[in-house]
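Reviewing the structure listed below.
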There are 2 protein chains.
Amino acid sequence: MENWDNFRIFLSVTRSGSIRGAAKMLGITHATVSRRIKFLEDTLGSSLFERKREGQCLTPLGQRILPLAKTIEGGCAEVDRLAFSADTGLAGTVKLSLSESLYSGLLHAPIDDFMQRYPMIKLDIIASDLMSNLAQREADVVIRITRNPPDTAYGRKVANSPLALYTSHKYLANRPAPDRWIAMDYAPARKPVIPAQVVANANSPTLAAQLIRSGRGMGLLPCYLGDTDPELERVSEVGLISDMQVWVLTHEDIKVNPRVRVLMDHLYQVFEKYRPTLEGLKMTASV
Amino acid sequence: MENWDNFRIFLSVTRSGSIRGAAKMLGITHATVSRRIKFLEDTLGSSLFERKREGQCLTPLGQRILPLAKTIEGGCAEVDRLAFSADTGLAGTVKLSLSESLYSGLLHAPIDDFMQRYPMIKLDIIASDLMSNLAQREADVVIRITRNPPDTAYGRKVANSPLALYTSHKYLANRPAPDRWIAMDYAPARKPVIPAQVVANANSPTLAAQLIRSGRGMGLLPCYLGDTDPELERVSEVGLISDMQVWVLTHEDIKVNPRVRVLMDHLYQVFEKYRPTLEGLKMTASV
DNA sequence: ACGTTTTGGATGAAATATGTACCATGGAGA
DNA sequence: TCTCCATGGTACATATTTCATCCAAAACGT
């Protein structure tokens, strides 16, 4: 084999479905991607993609190669993790992934605190609702709000994250009948839990919170968002609705890295302290 | 991971034990190998080798990475084989590996014949006593003379290759007592089978044949070598000694390739015809 | 102890890979 | 039908990598 690195490009093309898309993912130009794929095809002696209207389509050979390329990728990723775990210094970088809403709603201050406590650790904060891929080391530590606790990763459940019904003071001052309902469809679609007319659908909790804040209606929000927002008010007509769990996770391979260790320990302590807030037991924000 | 191709260089260094050795294996300069290894070490954040007197020595991290690099290599090799098997054209290249002695002693003519019959197939002939690595596609088809028939590869045993006792006309004309013995130590060490004094040790059958040919003594040779050499004469004092088997082999993945097919079929026929010679049943050479 | 050989590192020159244009094509939407 | 946008291919200028060397250090054989 001529150049193993071309499998990286190959995988990007299969995932993005286009040369240009792969180039964007990889941070290089489409000309390079095109040449590299052509080079790979030349050394293999057969083409791997067919240029179709709906994008780059794998040939039969390409399909047979795909799982092998993923194996190769997996090997490279594991090397990455091993090297990271072998890096025993406290100085360096850790990548933390968490949802934007959790960061702005609750964890902004504790994370600031961590950065002050460990100034030699550079914290890369990745605000992403999509779960970052721990295996590929897109993130070293993730705070995941989920219903399905993962069994492959290493870490623990740090809290429940129930929903409650919220609205704004403005809305309550002039409450219409029937109620206006702000739905969240990013989670499994939720219907109003009280008689109400759906007026909006938000695909993220922060967006839903903003809609509710502006007085457009009421809706279910995670308690950590609703309770920490001074403009929102919990509506007592419905109680807490058990929904998600909060997990702090890392990859088995890198759990021994000291930076991962201190970050996770810090997060465990943080969630110990904030668990009442997350679980909706403490109505006042403790920012 | 920055550049997956560096694992290829990494593996070469582990195998050759030195930067320069790896460079020679890879056909590039040692400066490049040095820079690539340094680059890999930089991206991983830890060193992989230690410069020791006995060469490049793997660090603990390097040792942990080694099996992963081999996994990656295995994936690349399998891609290679898949692509080769998907290459359904009769025109192209096939790599055939066989021992130098078998080629010059017996198979020179039949292989010429094959090249004439299939002029569109380019035959890469690799004369090597070391078994070429089928998995890595160092060879597509190998003729292996062995005692341990492999079970992973695809192919069949085409003949036995017994030993017999040979000497030269010259030697017989003035036969000393006790006899002079030319030993072959490339195989499991062989002692004289008749009372004789060991005068030489050859580490290859062709070398042993040359020594015997020059009248320095007598010794055991594969029949395909002894019987086809007009200057040698079989000594009837001992009969045939069962020794090796001849196998024609390819990799499971590429057995469907048409060029591999026709080459193997051709070789099967060739050995069908030459089996008496190989097995020492036909005293006159049939070159 | 000496020269010889092999090792790995450093540095201008050459070769290769990449980026930046530009182009033609083909849908999607007006 | 038209434009508009995105796609992939190609040519040339630019960056980067690799090569050919020279160098110092260490190991080996004499």
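Numbers restart at 1 for each chain; the letters A, B, ... are given by sequence-line order, proteins then strands. Given the structure is predicted, the values throughout are model-derived calculations rather than measurements. Only this structure's heavy atoms are used, side chains among them; waters, hydrogens and symmetry mates stay out.
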Touch class at under 4.0 angstrom, heavy-atom based, for A:K38 against every strand present: sugar-phosphate
Atom-pair distance (CD1 on A:I37; P on C:dA17), nearest Å: 15 Å
Atom NZ of A:K255 with >12 non-hydrogen neighbours under 6.0 angstrom: yes
A:S34 side chain near D:dG9 phosphate (N/O to OP1/OP2, under 4.0 Å): yes
Euclidean distance, atom CD of residue A:E41 to atom P of D:dG9 [Å, nearest integer]: 9 Å
Nearest-nucleotide 5' precedence on DNA chain D, A:Q56 against B:I28: A:Q56
Value rounded to 0.5 Å, distance of SG in A:C57 from CZ in A:F49: 9.5 Å
Sugar-phosphate, base or nothing in reach of B:T32, heavy atoms under 4.0 Å: sugar-phosphate
A:S16 side chain vs A:S12 backbone, donor-acceptor pair below 3.5 Å: yes
Closest to side chain of A:H30, choosing from C:dT7, D:dT17, D:dG8: D:dG8
Touch class at under 4.0 angstrom, heavy-atom based, for A:R36 against every strand present: sugar-phosphate
Donor-acceptor contact present, side-chain A:R259 to main-chain A:T93, <3.5 Å: yes
Nearest to side-chain heavy atoms of B:R20, which nucleotide of C:dT20, C:dT7, D:dG9: C:dT7
Atom-pair distance (CZ on A:F39; P on D:dG9), nearest Å: 17 Å
Protein-nucleotide distance (A:E2, atom CD; C:dT16, atom C1'), rounded to Å: 13 Å
Atom-to-atom span, CZ of A:R35 to C1' of C:dT18 - whole angstrom: 6 Å
Atom-to-atom span, CD1 of A:I9 to P of C:dT18 - whole angstrom: 8 Å
Each nucleotide N or O in nucleotides 27-29 of chain C that has a protein N or O under 3.5 Å away: list the pair and distance.
residue	atom	partner	partner atom	Å
C:dG27	OP1	A:R53	NH1	3.4

Of B:L58, B:L61, B:L48, the residue whose pairing with B:L66 passes side chain to side chain contact (heavy atoms under 4.5 Å, CB included): B:L58
Closest nucleotide among D:dT10, D:dA20, C:dG8 to the B:A31 side chain: D:dA20
Sugar-phosphate only, base, or nothing, as touched by A:R51 at under 4.0 Å among non-hydrogen atoms: sugar-phosphate
Cation-pi check, B:R137 onto B:F84 ring (under 6.0 Å, within 45° of axis): yes
Expected output: side-chain B:T32 to main-chain B:I28 donor-acceptor under 3.5 Å: no
Rounded distance in Å - CZ (A:F49) to P (D:dG8): 10 Å
Value in whole Å for how far the P atom of D:dT18 lies from CG of A:D5: 11 Å
